[in-house]
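Below is one structure; the comments refer to it alone.
What you are looking at is a predicted structure, and each value in this text was computed from that prediction instead of being measured.
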Amino acid sequence: MSLAGLPRHLSARQEHIHFICCSDVLSALELSEPISEELIVLEQYGITAFDAYLQQEVLVFAPLMFIVCDNPRASELVNHLGSTALKYCRFCMTDKFENPDVVCQNRTLTLALQQISEIAALRTEQDKVEMRKRYGLKESKNPMLSVRVRADLYRSLPLEVLHTIVLGATSICSRTLCQYSQQGRKRKYLHE
């Protein structure tokens with residue numbers, strides 16, 4: 001964790017970076033459980049701290065604005081199935097079948113929580129698997145989704161350009177272009 005208010009040349013220095021936790025056994029969600037409660041307190045109620053400049057106690061609020069992580073952790077933090085899901089983008093509802101009704105329809109925290117509860121309410125594992133594929137989400141317990149007073153994790157997580165643009169949108173555009181060009185050739189031959 002690093003402090004947000006520092007200039008760029010100071011924020012990368014070792015004394016301004018705070019290591020929170022690490023594990024080779026626990027998932028990111030399991031690691032986030034103890035700190036999520038503290039983040040909620042910092043965001044909603046604040047804490048009192050002594051200000052050396054003012055020489056008095058002050059109330060400090062620290063809302064969560066942004067989380068720095070890699071693509072797999074970002075997917076895990078929003079209960080997304082990852083890039084192998086039918087709905088591979090964790091920001092929108094685009095699917096591998098290019099359904100025009102859902103292209104550029106943003107995912108929201110409210111919609112995701114509703115879909116996660118729908119999955120959890122199903123009785124059979126087969127039904128759950130089908131809904132996970134349909135929504136691109138999994139119903140695992142996620143303490144980070146409750147840290148949402150000012151930060152929506154669907155908008156606060158970084159976008160990994162290589163995987164999302166090059167392997168996602170570019171491949172869809174290429175596939176669509178090839179399909180339309182083949183359809184155009186078929187029409188041309190049919191009219192001749």
Side-chain angles (χ1 to χ4, degrees), residues 21 23-40 43-44 63-180 183:
C21 56
S23 174
D24 62 341
V25 179
L26 299 175
S27 70
L29 294 178
E30 291 168 324
L31 289 173
S32 68
E33 194 166 352
I35 62 168
S36 64
E37 294 168 8
E38 293 176 9
L39 288 171
I40 292 170
E43 194 168 8
Q44 290 180 341
L64 179 67
M65 303 298 272
F66 189 75
I67 296 175
V68 178
C69 56
D70 61 357
N71 224 24
R73 287 312 68 90
S75 288
E76 188 177 358
L77 286 172
V78 292
N79 285 32
H80 187 253
L81 289 175
S83 59
T84 59
L86 294 178
K87 295 192 184 303
Y88 57 87
C89 181
R90 66 177 184 271
F91 294 106
C92 69
M93 299 299 288
T94 303
D95 60 16
K96 290 185 178 176
F97 301 113
E98 303 167 37
N99 183 350
D101 297 334
V102 296
V103 172
C104 297
Q105 179 186 352
N106 290 338
R107 283 186 191 265
T108 62
L109 185 59
T110 307
L111 178 64
L113 290 173
Q114 176 188 348
Q115 291 172 341
I116 289 168
S117 65
E118 285 178 29
I119 296 169
L122 295 172
R123 294 182 186 250
T124 67
E125 186 61 29
Q126 184 178 359
D127 290 341
K128 288 183 180 188
V129 167
E130 190 63 36
M131 287 301 265
R132 286 179 197 131
K133 286 181 184 176
R134 181 176 171 198
Y135 292 141
L137 296 170
K138 54 189 171 189
E139 73 279 9
S140 58
K141 181 183 172 191
N142 188 344
M144 291 303 289
L145 290 180
S146 61
V147 184
R148 59 183 177 154
V149 176
R150 290 186 183 90
D152 182 349
L153 286 180
Y154 282 94
R155 294 184 183 152
S156 302
L157 290 171
L159 173 68
E160 188 176 352
V161 176
L162 171 68
H163 289 95
T164 306
I165 303 297
V166 178
L167 301 177
T170 306
S171 67
I172 288 175
C173 290
S174 302
R175 189 174 346 125
T176 304
L177 181 65
C178 289
Q179 286 174 350
Y180 283 123
Q183 288 174 0

R73: salt bridge (Lys or Arg N to Asp or Glu O under 4.0 Å) partners, not counting sequence neighbours
E76
Can you pull the salt bridge (Lys or Arg N to Asp or Glu O under 4.0 Å) pairs that have at least one residue in residues 111-130, sequence neighbours excluded?
E125-R132
For I116, which residues count as a side chain to side chain contact (heavy atoms under 4.5 Å, CB included) partner, sequence neighbours excluded?
N79, L137, E139, L145
Rounded to the nearest 0.5 Å, the CD atom of E43 sits from the OG atom of S36 at a distance of 11.5 Å
